[in-house]
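Please read the structure below before turning to the comments.
Everything quoted here is computed from the prediction, not taken from an experiment. Computed over heavy atoms, backbone and side chain alike; hydrogens, waters and symmetry mates excluded.
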Amino acid sequence: MRCLVTGATGYIGGRLAPRLIQAGHVVRCTSRSALKLRDVPWAGRAEIVEADLLSPSAIRRALQDIDVAYYLAHSLGSPDFEKTDRQAAHNFACAAAEAGVKRIVYLGGPEPSGTATSPHLRSRDEVAEILAASGVPTVTLRAAVIIGSGSASFEMLRYLTERLPVMVAPSWVHNRIQPIAVRDVLYYLLAWASVPDEVSRGFDIGGADVLTYAEMMHRYARVAHLRRRVIFPVRTLSPWLSSHWVGLVTPVPGRIAKPLVLSLIHEAVCREHDIADFVPDPPGGLKGFEESVRLALSKIRDSEVETRWANAAWTGAPADPLPTDPDWSGGSVYEDLRHRDVQASPEALWRVVTRIGGQTGWYSFPLAWALRGWVDRLVGGVGLRRGRRDPAELYVGEALDFWRVEEIEHSKLLRLRAEMRLPGVAWLELKVADSPAGSRYEQRAIFVPKGLAGHLYWWSVAPFHALVFGGMARNMARAAERLP
């Protein structure tokens with residue numbers, strides 16, 4: 001089948017695309033920037049097209065000659081995600097009908113119930129309705145909490161459990177949830193590329209266990225060999241306060257934690273298993289919660305995390321490339337330049353450059369970096385806790401602590417764009433060049449201020465640059481020189 005995967009830079013789309021390719025399907029992937037898929041291992045076996053779902057003409061071109069269209073995009077984390085997702089779904093539905101697509105497959109959330117519906121669940125349900133109204137046979141898979149290495153829901157659960165042996169929790173920790181392993185979600189998504197076209201409806205999908213969130217934390221602790229967690233539910237702990245607490249304790253920032261927490265105030269248990277009438281259960285049956293956690297932790301331990309929630313850039317996130325105009329279009333720009341000759345080969349220096357961030361750190365004044373990360377979390381930013389997907393390998397478009405990889409020229413350049421909260425836009429460039437000494441390290445921090453606050457910000461932190469950026473250049477050179 002000829003398959004289109006939207007959201008291919010995201011957590012599920014980035015895993016589904018290579019599995020469709022492996023199954024023998026012809027795969028086309030969309031991204032607002034094709035550059036973000038340039039470095040993924042399967043890029044050479046898929047057609048990559050640039051298409052913003054908010055551009056009707058672009059999505060019409062992307063859907064030409066497509067049999068099965070996977071709709072895996074959403075704008076969770078953007079300021080007005082409900083409106084954005086509504087418009088994107090409408091554009092996609094109209095274009096799919098015009099292009100003669102045989103089926104749309106959508107991964108949504110649990111069907112909302114009651115009057116106090118969370119915006120997140122309400123939006124996911126609205127998207128399902130818009131796609132189904134297109135006239136194209138549409139299958140909606142409704143999943144609750146997805147358990148897998150790198151998923152936002154799993155990272156919330158993991159860090160809350162690991163970092164809080166005793167916690168005061170909201171009353172929703174006693175709500176029932178039917179989590180599902182990410183590999184079972186992918187199994188169902190892949191299967192719907194081959195099911196007859198006339199099927200058009202929604203299906204609940206869930207794993208083998210129904211648990212409360214508190215039970216999930218207790219079982220996670222058992223699988224991770226932690227002491228049993230002590231949980232005190234408190235009715236007065238509001239979802240708003242809960243989401244801010246999650247934002248401080250876990251790598252998931254408040255703008256994403258808030259809609260996820262609000263969705264947990266509803267029970268999410270499968271009401272039917274009708275999907276088995278069309279797609280048999282996965283070989284060996286649906287995974288239980290503890291097995292799903294063990295699989296996820298083994299992937300993290302072995303550095304085999306395929307995709308992460310943090311790698312998907314939300315609508316409205318910083319995405320513009322580094323300006324190339326030498327005069328910066330007449331605007332102000334501040335730079336901090338550092339360079340050092342290094343008595344090591346360019347290859348050794350490049351290894352140090354590409355291992356920066358995450359568990360390795362930033363090679364200078366860890367307290368200053370940690371403090372900057374905490375300040376960013378307090379004002380609603382991503383902070384440092386996103387880490388990195390792999391300890392040695394980087395792709396364009398990946399999140400790296402509170403940066404995003406904007407460009408890589410192998411053995412020459414790593415450019416990062418800041419995603420912390422700033423009164424302006426910032427980049428960090430790390431370059432490797434040849435030198436009579438062995439190699440040369442060049443480092444450039446760039447800041448384009450926005451308004452008076454931007455200028456004041458730069459000059460307030462400038463006194464610390466020698467310590468932070470100077471130490472960074474010095475210690476990276478030393479690290480390269482110590483390599484064999």
Side-chain angles (χ1 to χ4, degrees), residues 1-8 10-30 37 40-49 51 59 62-73 89 92-93 95-109 124 127-128 130-143 146 148 180-208 270 272-287 292 306-307:
M1 303 293 284
R2 293 164 297 184
C3 301
L4 177 76
V5 179
T6 66
Y11 178 68
I12 294 294
R15 297 187 182 210
L16 177 63
R19 285 162 174 79
L20 287 167
I21 294 168
Q22 189 176 9
H25 300 292
V26 178
V27 176
R28 179 183 297 162
C29 296
T30 66
L37 290 171
V40 296
W42 45 267
R45 294 180 289 157
E47 181 187 359
I48 311 297
V49 298
I59 200 60
L63 281 164
Q64 290 301 310
D65 304 319
I66 290 296
D67 298 314
V68 180
Y70 286 91
Y71 193 86
L72 305 173
F92 191 86
E98 288 180 21
V101 171
K102 297 177 181 177
R103 160 166 292 136
I104 296 172
V105 182
Y106 171 57
L107 179 62
R124 302 303 288 270
V127 168
I130 292 171
L131 296 176
S134 66
V136 178
T138 300
V139 167
T140 297
L141 303 181
R142 297 186 290 257
I146 296 177
I180 183 170
V182 65
R183 61 184 60 199
D184 288 342
V185 173
L186 293 167
Y187 167 82
Y188 282 130
L189 287 169
L190 184 61
W192 280 101
S194 307
V195 176
D197 301 336
E198 62 269 14
V199 181
S200 184
R201 55 162 290 186
F203 297 93
D204 290 347
I205 58 172
C270 294
E272 40 83 11
H273 190 55
D274 295 350
I275 195 170
D277 296 336
F278 304 94
V279 178
D281 288 350
L286 291 159
K287 302 278 184 296
S292 302
E306 292 180 63
T307 58

Once you round to the nearest 0.5 Å, how far does [atom1] of [X] lie from [atom2] of [Y]?
{"X": "E272", "Y": "R201", "atom1": "CD", "atom2": "CZ", "value": "5.0 Å"}
{"X": "K102", "Y": "M1", "atom1": "NZ", "atom2": "CE", "value": "5.0 Å"}
{"X": "L190", "Y": "R183", "atom1": "CG", "atom2": "CZ", "value": "14.0 Å"}
{"X": "I146", "Y": "L107", "atom1": "CD1", "atom2": "CG", "value": "5.0 Å"}
{"X": "L189", "Y": "D184", "atom1": "CG", "atom2": "CG", "value": "11.0 Å"}
{"X": "T30", "Y": "Y71", "atom1": "OG1", "atom2": "OH", "value": "9.5 Å"}

Salt-bridge criterion met for R2 and E47 (N-O under 4.0 Å) = no
So do [Y] and [X] actually touch side chain to side chain, heavy atoms under 4.5 Å?
{"X": "Y187", "Y": "V279", "result": "yes"}
{"X": "L286", "Y": "Y188", "result": "yes"}
{"X": "L4", "Y": "V68", "result": "no"}

Distance-only, no hydrogens or angles: does the [X] side chain make a donor-acceptor pair with backbone N or O of [Y] under 3.5 Å?
{"X": "T307", "Y": "G14", "value": "no"}
{"X": "S200", "Y": "T138", "value": "yes"}
{"X": "R28", "Y": "A62", "value": "yes"}

Where do V136 and L131 land on the side chain to side chain contact (heavy atoms under 4.5 Å, CB included) test, with the steps shown first?
-> CA-CA 8 Å; V136 178; L131 296 176; over 6 Å; no
Is the closest side-chain donor-acceptor distance between R124 and Y106 under 3.5 Å?
-> yes
Between D281 and H273, a side-chain donor and acceptor under 3.5 Å | yes
Closest contact, heavy atoms only, [X] versus [Y]:
{"X": "A17", "Y": "W42", "value": "CB-CH2, 3.7 Å"}
{"X": "R103", "Y": "V199", "value": "NH2-O, 3.2 Å"}
{"X": "L72", "Y": "T6", "value": "N-OG1, 3.0 Å"}
{"X": "G108", "Y": "T140", "value": "N-CG2, 4.4 Å"}

Start with the C-alpha gap between F203 and F278, add the side-chain angles, then the distance that decides, and say whether ring pair (Phe, Tyr, Trp, His ring centres under 6.0 Å) holds.
-> CA-CA 11 Å; F203 297 93; F278 304 94; 5.6 Å; yes
